[in-house]
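The block underneath contains the structure these notes are about, expressed in structure tokens.
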Amino acid sequence: MLIRSPKTWELPTAAVTPEALYRLTQRRDFLKTAGVGLAGAAFFRSAPLLSAATAGFPAKENPAFPAAKLKPTAEDYITSYNNFYEFGTGKDEPKVFANKGWKTDPWTIELAGLVNKPAKFDVNELVKKIGGIEERVYRFRCVEAWSMVIPWDGFPLAKLIALADPKPEAKFVKFTSFNDPNSAPGQRQANLDYPYVEGLRMDEAAHELAFMATGLYGKPLPNQNGAPIRLVTPWKYGFKNIKSVVKIEFTTTQPKNTWNIMQAGEYGFYANVNPKVDHPRWSQASERIIGGGLFSGSQATLMFNGYEKEVAPLYKGLDLVKNY
Amino acid sequence: MPLLEKLLRSKAVIWTLLVLPGLWPFWPLLVTRNPTTGADPLKFLLHHFGFVACVLLAVVLALTPLRVLWPQSKPALALNRHRRLVGVASFAYALLHLVAHVLHEGGTDPARVAAIFGTALGKPFQLVGLITFTILLVLTLTSPHAALRRLGGRRWKNLHRLAYLAAALAAYHQIYARKLFPVQVLWIFVPLALLEAARIIRQRAMAK
Ligand code: HEM
């Protein structure tokens, strides 16, 4: 975790925002004072889960993504505007109902299916075994045509796959979320089929962009954002990014995914962000920027949510209109 | 005159009741600064105005059955004096809903605003919204007395029966705007349907 050459998907440091510090780092004179920078890092990166990811912070700005181009969404919006139907269908409900006694610590996650090393881990042990966490700032695009920029903390999914050591016949990865109707009012109402399930093709799951997040804004994930561990696939619509994962299974057949089960005509397996393939009920050509206010909050949606260069090779020869 | 009837007869009271839902968004947006609302304020306004338009459409249609079912009720009669006003208010909120939708998806760029209407024509649920809106627009334009006189009572009445179609279409539009069935549609339209059913039964019985 020393200074390394930035990857194209890495967004600028400035994006790593405890907001006050973000503003400070925007000022060159402040950045030059390395000592102060380190003090700052120690100040906001002290949560125990994150100790592994503090080294090397603050990272250098990546010229491919000038800070002015991507503005991270305010933390308050990221944690107050959520789709987590387990806790209600309103955007404001997860923040309320996921924090009424639902326990996300301790949390066990299981690796199963066609693997050489099936195992169950406490999520904190898993993080240690993986070798700690890192920070990645990704765009987030919901199928409902809104978007955020989120500074995640976590580890690449590929590392977890390596840990499970899948057998050669494994072609897909299936993710299962928790099922606890006593704690989750949406599950009691059965507003969807629970537990929530998702899936990826093996090559998608192994892609360097695919990420397991355990935190955001330098702190452990709030319950409403899918504590304690969730999937992040930034080139896909938000609903692929299954929250509060309890089981990861390796399979030969394509796993079912919850929204596809609910409404196959509207939500596919792939769910790649694609401005040219509309949702049957609304356009996907543009998106609302969360926090953009009344008059400046809309922008064109990018192919694969701006990660085209990285992930387009995964889908060579695939009809993206049919496989929405 | 009892107080309730007096209040319900008053234009000022009804105006206030009709304007208040339009002011309500200021509360979460500006006063309590609710972050869920502030995250996408136009979406909030879009939903809110659409909801109020539906409620008022259901209310205005409920006024006739109220009068038929309770012909002696003074409050029902008092309310029926304001049918035109409530109907026009429903249109006004639908217009606000449309403005919010246009700003939400297209901002203020004319080319993108034009594209929005193209999109609306291609999406059944939005097309239904557009038809609903057109009906409300026509009914609003023909709501003044002068229009009634020019059209003649019978034709005017037939034309204004389109309000029932508008309500049915609005319910469809509201349901298909959501990923999952929105329960509030039932709160709005089930009472109306029950009142209408009761009215029809009552009128059949009286005709015999
Ligand atoms: C002029 C044409 C119209 C267009 C283009 C339009 C567009 C829309 C859109 C895009 C949504 C969904 C917003 C979302 O993504 O959640 C929506 C929802 C809605 N619209 Fe319309 N609409 C129109 C007319 C109307 C009319 C005339 C009414 C009522 C009389 C109405 C009532 C509603 C309601 C109640 C909702 C649901 C809000 C919610 O889910 O809470 N709309 N409309």
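Naming convention: chains lettered A, B, ... in sequence-line order (proteins, then strands); numbering from 1 in each chain.
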Can you list, pair by pair, the side-chain donor-acceptor contacts under 3.5 Å of residues 258-265 of chain A, counting residues two or more places apart and other chains?
residue: A/Thr258; atom: OG1; partner: A/Val197; partner atom: N; Å: 2.7
residue: A/Thr258; atom: OG1; partner: A/Val197; partner atom: O; Å: 3.3
residue: A/Asn260; atom: ND2; partner: A/Tyr267; partner atom: O; Å: 2.7
residue: A/Gln263; atom: NE2; partner: B/Lys179; partner atom: O; Å: 2.8

Which pair of non-hydrogen atoms, one from [X] and one from [Y], has the smallest distance, and what is that distance?
{"X": "A/Ser80", "Y": "B/Pro35", "answer": "OG-CG, 3.3 Å"}
{"X": "B/Leu103", "Y": "A/Arg288", "answer": "O-NH1, 3.8 Å"}
{"X": "B/Glu105", "Y": "A/Ser286", "answer": "O-OG, 3.7 Å"}

* Asked: Between A/Arg281 and B/Tyr176, is there a donor-acceptor pair closer than 3.5 Å when you use the side chain of the first and the backbone of the second?
  -> yes
* Counting distance only, does the side-chain N/O of B/Lys123 pair as donor-acceptor with the main-chain N or O of A/His279 below 3.5 Å? -> yes
* Would you mind checking which part of A/Glu266 comes under 4.5 Å of any heavy atom in chain B, side chain (CB onward), backbone (N, CA, C, O), both or neither? => neither
* Which region of A/Leu192, side chain (C-beta onward) or backbone (N, CA, C, O), has a non-hydrogen atom less than 4.5 Å from a non-hydrogen atom of chain B, or is it both or neither? -> side chain
* Structure fact -> Comparing A/Asn82, A/Thr79, A/Asp92 against chain B, the one with the most heavy-atom pairs below 4.5 Å turns out to be A/Asp92
* Asked: Heavy atoms under 4.5 Å from chain B: which residues of residues 177-190 of chain A carry them?
  -> none
* Among B/Lys43, B/His104, B/Arg112, which has the most heavy-atom pairs under 4.5 Å with chain A? -> B/His104
* **Carboxylate-amine/guanidinium contact A/Lys91 B/Asp40, below 4.0 Å** => no
* Asked: Is the count of non-hydrogen atoms from other residues, nucleotides or ligands lying under 6.0 Å from A/Lys95 atom NZ greater than 12?
  -> yes
* Asked: Would one find more than 12 heavy atoms of other residues, nucleotides or ligands at under 6.0 Å from atom CZ of B/Arg155?
  -> no
* Side chain, backbone, both or neither of B/Leu45 within contact of chain A (heavy atoms, under 4.5 Å) -> side chain
* Using non-hydrogen atoms only, which part of B/Ala100 is less than 4.5 Å away from chain A: side chain, backbone, both, or neither? -> neither
* Taking atom CD of A/Gln284 and atom OG1 of B/Thr119, what is their separation to the nearest 0.5 Å? -> 11.0 Å
